[in-house]
Amino acid sequence: MKNSKSINPGTLKGTGYIIGAIIGIVAAITAFVFTENIAISIPLLAGLSIPLGMIFEQKFQVQAKEKSQRTTKLLITFFTVGVLLFFLIFFIAKFI
């Protein structure tokens with residue numbers, strides 16, 4: 001009788017980037033629907049999908065437990081800058 005091995009189903013490499021891209025696309029489409037301005041939705045897509053993809057990818061990887069404090073601060077900074085740029089472009093387009 002063979003010994004059965006327990007296989008832990010893990011996430012595939014790149015899953016976090018796909019999830020980040022999907023969130024960015026949904027946010028960009030939502031911004032376009034509400035503002036009808038493509039100039040707002042493109043920076044929103046780039047500003048949200050890349051940092052969110054990096055955050056999710058590190059969470060899904062096994063080595064995420066070993067990540068440094070500097071990397072976490074950098075990712076939070078990227079995400080914050082993306083959100084601030086979105087609001088800045090939104091208010092400029094709306095009021096000017």
Side-chain angles (χ1 to χ4, degrees):
M1 183 180 242
K2 293 183 179 181
N3 291 336
S4 62
K5 293 181 181 180
S6 175
I7 299 174
N8 288 337
T11 57
L12 298 174
K13 201 170 193 178
T15 304
Y17 294 117
I18 293 172
I19 292 173
I22 291 171
I23 291 172
I25 290 170
V26 169
I29 290 172
T30 304
F32 181 73
V33 167
F34 286 123
T35 63
E36 296 179 1
N37 191 353
I38 194 75
I40 293 175
S41 60
I42 291 173
L44 178 66
L45 173 68
L48 284 179
S49 64
I50 295 170
L52 282 177
M54 291 168 60
I55 290 170
F56 286 130
E57 186 66 24
Q58 283 193 352
K59 293 286 183 187
F60 290 142
Q61 295 300 321
V62 176
Q63 298 89 4
K65 297 173 186 172
E66 301 172 2
K67 69 180 177 180
S68 67
Q69 193 74 337
R70 182 174 180 259
T71 306
T72 304
K73 288 180 184 179
L74 185 66
L75 291 176
I76 290 171
T77 304
F78 281 158
F79 183 72
T80 305
V81 168
V83 170
L84 289 176
L85 284 176
F86 165 69
F87 284 119
L88 178 69
I89 292 171
F90 179 74
F91 287 127
I92 288 173
K94 203 67 162 164
F95 295 117
I96 293 181

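- Using a 4.5 Å cut-off on side-chain heavy atoms (C-beta onward), Ile40 and Phe32 make no contact.
- Heavy-atom minimum distance, Gly24 versus Ser49: CA-CB, 4.1 Å.
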Test side chain to side chain contact (heavy atoms under 4.5 Å, CB included) on Ile50 and Tyr17; report intermediate values, then the result. CA-CA 7 Å; Ile50 295 170; Tyr17 294 117; over 6 Å; no

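- Residue Leu74 is grouped with residue Met54 when hydrophobic side chains (ILVMFWY) are merged at heavy-atom distances under 4.5 angstrom, including chains of intermediate members.
- The shortest non-hydrogen separation linking Ala28 to Leu45 is CB-CB, 4.0 Å.
- Under the 4.5 Å side-chain heavy-atom criterion for ILVMFWY residues, no single connected hydrophobic cluster contains both Leu85 and Ile42.
- Contact check for Ile89 versus Pro43: side-chain heavy atoms found under the 4.5 Å cut-off.
- Within the 4.5 Å cutoff, the side chain of Phe79 has heavy atoms near those of the Leu52 side chain.
- Leu44 and Ile25 fall into different hydrophobic clusters, defined by Ile, Leu, Val, Met, Phe, Trp and Tyr side-chain heavy atoms under 4.5 Å apart, directly or through other members.
- Contact between Thr77 and Lys73 at its shortest, heavy atoms only, is OG1-O, 2.7 Å.
- Residues Ala27 and Leu48 approach most closely at CB-CD1, 3.8 Å, considering heavy atoms.
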